[in-house]
Amino acid sequence: MRRSFRLTLPIVLVLFGTACASAAPDLAAQAHRSPVEVTEDTLFHGLDSRPIGPPGTSGRVAALAVAPNDLREIWVGAATGGLWKSSDGGYTWQPVMDGEPVNSIGAIGIAPSSPHTVYVGTGEANTRNSMGVGRGVWKTLDGGRTWEHVGLERTERIEAVIVHPDDPNTVWLSAQGPAWSDGTERGVYKTTDGGETWRKVLYNDERTGAFELVMDPSNPRHLLASTWEHRRWPWFFESGGPGSGLWQSWDGGETWDRLTSEDGLPEGDLGRIGIAFATNDPSVVYALVEAEQSALLRSDDGGESWRTVNDDRNVNDRPFYYSRIYVDPTNENRVYRVSGDLTMSEDG
């Protein structure tokens, strides 16, 4: 599957938050059925959604992370507006990386075992024609007060950063690489020394980068990644091709197996693929796949085999730009799809 487009239109992305996490599933379910029911809800009656910042995101929030030891500590990366941090649950925000020569943030990885250690992958991962360009990876050991550049400056766009749950020096990231030219600085990279050195552990070709990268919540050696063949020219772009695919590793990213149509993926060339594990039941994994007939896939064995659960024409709207899927951490059957709007399924 290779799609060529000759015109792109600007999209404004909106990030919504909830004031009460425990009530969010019920609220979202009501919103899906009837907006009137939401306004009459006894808990949220009279409350309006409102922006909480940060003020300098230039219209697009590209990355979000919350400290595992303190839910009031929120990190936000803007597509072209730098890195921001709140220590009071979003009431106030401070820019924390303005002293570095980069303003496009693609991914934020907080070390679960050392929350003051944060890795930031730069470069906007959404391949619009006005995307921000990054300069590699930055690292802080003191919660953002000081920063060190730790390489990969030519990757240009980093989509995901994952820090090992027990070792803050072991990190994986997915790099899409240059959008406007071919190049080898793309794929899945791994470091075991805190970013002093990086090894490319998954790579296809000069036009195929790595998009999604996720870790099994129950096994840090089990990773899933998607590769995406993509290229832009000033007058059009191509999304999809033989380099795109879904990959699985059981040894911490050292080796990878490519999944195919025999494992349940759509036939033919693929495009951009979003992946999400269910935190409460890691045997359940979802993949939102750009294909000739795009589809939402589900695995019930941790990614070994897949089945199509929805191939409606609109299941993967504007796939080259979105293809985002998220799972409720308490319910493996409540799934959120983020595109031009936010949609939800409660039956998997």
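Because only heavy atoms are used, hydrogens play no part in the values below, and waters and symmetry mates are left out as well, while side chains stay in.
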Point-to-point distance, once rounded to the nearest 0.5 Å, from [atom1] of [X] to [atom2] of [Y]:
X: S113; Y: N169; atom1: OG; atom2: CG; answer: 8.5 Å
X: D328; Y: S345; atom1: CG; atom2: OG; answer: 11.5 Å
X: D281; Y: T330; atom1: CG; atom2: OG1; answer: 12.0 Å
X: I162; Y: K190; atom1: CD1; atom2: NZ; answer: 12.0 Å
X: L246; Y: D257; atom1: CG; atom2: CG; answer: 11.0 Å
X: L297; Y: I273; atom1: CG; atom2: CD1; answer: 8.0 Å

Is any side-chain heavy atom of I158 closer than 4.5 Å to one of Q176? no
Are the side chains of Y203 and T184 in contact, using a 4.5 Å heavy-atom criterion? yes
Grab the two heavy atoms, one from [X] and one from [Y], that are nearest each other, plus how far apart they are.
X: T146; Y: D142; value: OG1-OD2, 2.6 Å
X: A225; Y: V188; value: CB-CG2, 4.2 Å
X: N333; Y: N331; value: N-OD1, 2.9 Å
X: A111; Y: P168; value: CB-CB, 3.8 Å
X: R186; Y: G183; value: NE-O, 2.8 Å
X: G240; Y: S244; value: CA-OG, 3.9 Å

Co-membership, hydrophobic cluster, residues [X] and [Y], 4.5 Å side-chain:
X: L173; Y: L223; result: no
X: V163; Y: L224; result: no
X: M215; Y: W256; result: yes
X: Y336; Y: L288; result: no
X: V309; Y: W306; result: no

Could I get the full list of salt bridge (charged side-chain N to carboxylate O under 4.0 Å, His left out) partners for [X], not counting sequence neighbours?
X: D300; result: R298, R307
X: R135; result: none
X: E124; result: R60
X: D341; result: R337

Regarding E332 and N280, is there a side-chain donor-to-acceptor distance under 3.5 Å anywhere? yes
Is there a donor-acceptor contact under 3.5 Å linking the side chains of W247 and S226? no
Return each pair, listed once, that meets salt bridge (charged side-chain N to carboxylate O under 4.0 Å, His left out) where at least one residue sits in residues 197-211; pairs must be two or more places apart or across chains. D182-R207, R199-E254
Quick one: which residue pairs count as a salt bridge (charged side-chain N to carboxylate O under 4.0 Å, His left out) with a foot in residues 148-174, not counting sequence neighbours? E159-R324
How far apart are the C-alpha atoms of Y322 and N126, what are their side-chain angles, what is the distance that settles it, and do they pass the side-chain contact (heavy atoms from CB on, under 4.5 Å) test? CA-CA 8 Å; Y322 295 118; N126 296 310; over 6 Å; no
Side chain to side chain contact (heavy atoms under 4.5 Å, CB included) filter on E304, not counting sequence neighbours, yields Q248, W250, D301
Any residue meeting side chain to side chain contact (heavy atoms under 4.5 Å, CB included) with D311, in chain and number order, not counting sequence neighbours: Q293, A295, T308
Give a yes or no on this: more than 12 heavy atoms of other residues, nucleotides or ligands lie within 6.0 Å of atom CZ of R72. no
Counting only heavy atoms not in H149, do more than 12 sit closer than 6.0 Å to its NE2 atom? yes
Report the hydrophobic cluster partners of [X], with the cluster defined as I, L, V, M, F, W, Y residues connected by side-chain heavy atoms closer than 4.5 angstrom, directly or transitively.
X: I108; answer: W75, L83, V96, M97, V102, I105, I110, V118, V120, W138, W147
X: M131; answer: W180
X: L141; answer: none

For the pair [X] (side chain) and [Y] (backbone), establish whether a donor and an acceptor sit closer than 3.5 Å, ignoring hydrogens and angles.
X: N316; Y: P319; answer: no
X: Y326; Y: V338; answer: no
X: N103; Y: G82; answer: no
X: E290; Y: R272; answer: yes
X: S104; Y: G134; answer: no
X: N204; Y: T208; answer: no
X: S299; Y: S305; answer: yes
X: D88; Y: T92; answer: yes
X: S294; Y: A291; answer: yes
X: S174; Y: F211; answer: yes

Checking I325 against V335 for the side-chain contact (heavy atoms from CB on, under 4.5 Å) test, could you report, in this order, the C-alpha distance in whole Å, the side-chain angles of both residues, the deciding distance, and whether it holds? CA-CA 7 Å; I325 195 80; V335 185; 3.3 Å; yes
Checking side-chain contact (heavy atoms from CB on, under 4.5 Å) for the pair V327/Y286: CA distance, chi angles, key distance, verdict? CA-CA 8 Å; V327 187; Y286 292 91; 3.5 Å; yes
Test the R231-W233 pair against the cation-pi criterion, namely NZ or CZ under 6.0 angstrom from the six-membered ring centroid and within 45° of the ring axis. yes
Students often mix this up, so state it plainly: with edges at 30° and 60°, are the rings of W198 and Y189 parallel, tilted or perpendicular? perpendicular
Restricting to ring-ring contact (aromatic ring centres under 6.0 Å, His included), what partner residues turn up for F277, sequence neighbours left out? H222
side-chain contact (heavy atoms from CB on, under 4.5 Å) between E212 and V214, intermediate numbers included: CA-CA 7 Å; E212 194 73 272; V214 294; 4.0 Å; yes
Go through S86 and E73 one step at a time and tell me if the side chain to side chain donor-acceptor pair (under 3.5 Å) criterion holds. CA-CA 6 Å; S86 174; E73 183 177 304; over 6 Å; no
One pair to check against side chain to side chain donor-acceptor pair (under 3.5 Å): W228 and S239. What are the steps and the verdict? CA-CA 8 Å; W228 181 27; S239 178; 3.1 Å; yes
Using the ring centroid of each side chain, check whether F320 and F237 are separated by less than 6.0 Å. yes
